[in-house]
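The figures that follow rest on heavy atoms only: side chains count, while hydrogens, waters and symmetry mates do not.
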Amino acid sequence: MPKITYLPHSVICPEGATVEAESGESILDAALRNGIPIEHACEKSCACTTCHVIVREGFDSLEEATENEEDYLDKAWGLEPESRLSCQARVADDDLVVEIPRYTINMVSEAH
């Protein structure tokens, strides 16, 4: 079973975390299932960028982003070549190391 390591984020996951993920499960679903509250304003429908993450290790094991995901990623804060929307990136068989960016473009969050 692949593992996802979420690097420390001062608000969302201060200590960082390593969790087990099912092959085919999204990075976001694995996080939420394990109490890591990555923001997802569009309810996982690939219609915003609030669940943007940077895949620091294991990026090449993910399927390529769709054109729709790429279009939304262009609007993400802190975009990098290894950026993905965590609601769309599905775990394959390799372990991943994921960084949750410090900011999102969402000006208002119900959690704050």
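- By the 4.5 Å heavy-atom criterion applied to side chains, E25 and R90 are not counted as neighbours.
- Residues S26 and C87 come closest through the heavy atom pair CB-O, 3.7 Å.
- Between I38 and the options I100, D29, V98, a side chain to side chain contact (heavy atoms under 4.5 Å, CB included) holds for only I100.
- For the side chain to side chain contact (heavy atoms under 4.5 Å, CB included) with L96, the qualifying choice from L62, V53, T5 is L62, the only one to do so.
- Atom-to-atom distance recorded for Y72:OH and T66:OG1 is 10.5 Å, nearest 0.5 angstrom.
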**Request:** Decide yes or no on side chain to side chain contact (heavy atoms under 4.5 Å, CB included) for V55 and V97, but give the supporting numbers first.
**Result:** CA-CA 6 Å; V55 182; V97 175; over 6 Å; no

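- Side chain of S61 to backbone of A92: no donor-acceptor contact under 3.5 angstrom is found.
- The shortest heavy-atom contact between Y6 and I27 is OH-O, 2.8 Å.
- Rounded to the nearest 0.5 angstrom, N68 CG and L85 CG are separated by 8.5 Å.
- Here the closest heavy-atom approach between residue V91 and residue P2 is recorded as CG1-CG, 3.5 Å.
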**Request:** Could you go through the side chain to side chain contact (heavy atoms under 4.5 Å, CB included) check for L28 and L32 one step at a time?
**Result:** CA-CA 6 Å; L28 176 60; L32 296 175; 3.9 Å; yes

**Request:** Could you walk me through whether S86 and H52 pass the side chain to side chain donor-acceptor pair (under 3.5 Å) test, one step at a time?
**Result:** CA-CA 6 Å; S86 63; H52 167 230; over 6 Å; no

**Asked** Does the pair L7 and R56 meet the rule for a side chain to side chain contact (heavy atoms under 4.5 Å, CB included), with working shown?
**Response** CA-CA 9 Å; L7 297 175; R56 296 292 181 200; 4.1 Å; yes

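- Taking CZ of R33 as the start and CD of E20 as the end, the distance is 8.5 Å to the nearest 0.5 Å.
- Note that the CD1 atom of I54 and the CZ atom of F59 stand 11.0 Å from one another [nearest 0.5 Å].
- A side-chain donor-acceptor contact under 3.5 Å links H9 to the backbone of I12.
- Between atom CD of residue E70 and atom CD of residue E64 there is a gap of 8.5 Å, rounded to the nearest 0.5 Å.
- Residue-environment remark: CG (D74) exceeds the threshold of 12 foreign heavy atoms within 6.0 Å.
- Scanning all heavy atoms of the two residues, the minimum distance from S83 to L73 falls at O-CD1, 3.6 Å.
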**Message:** Working note: K44 + Q88, criterion side chain to side chain contact (heavy atoms under 4.5 Å, CB included); need CA distance, chi angles, decisive distance, verdict.
**Reply:** CA-CA 8 Å; K44 307 182 228 178; Q88 299 301 300; 5.8 Å; no

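- Heavy-atom minimum distance, C42 versus S45: O-OG, 2.9 Å.
- Heavy-atom minimum distance, R84 versus E63: NH1-O, 2.7 Å.
- One distance of note links SG of C48 with CD of E43; it measures 9.0 Å at 0.5 Å rounding.
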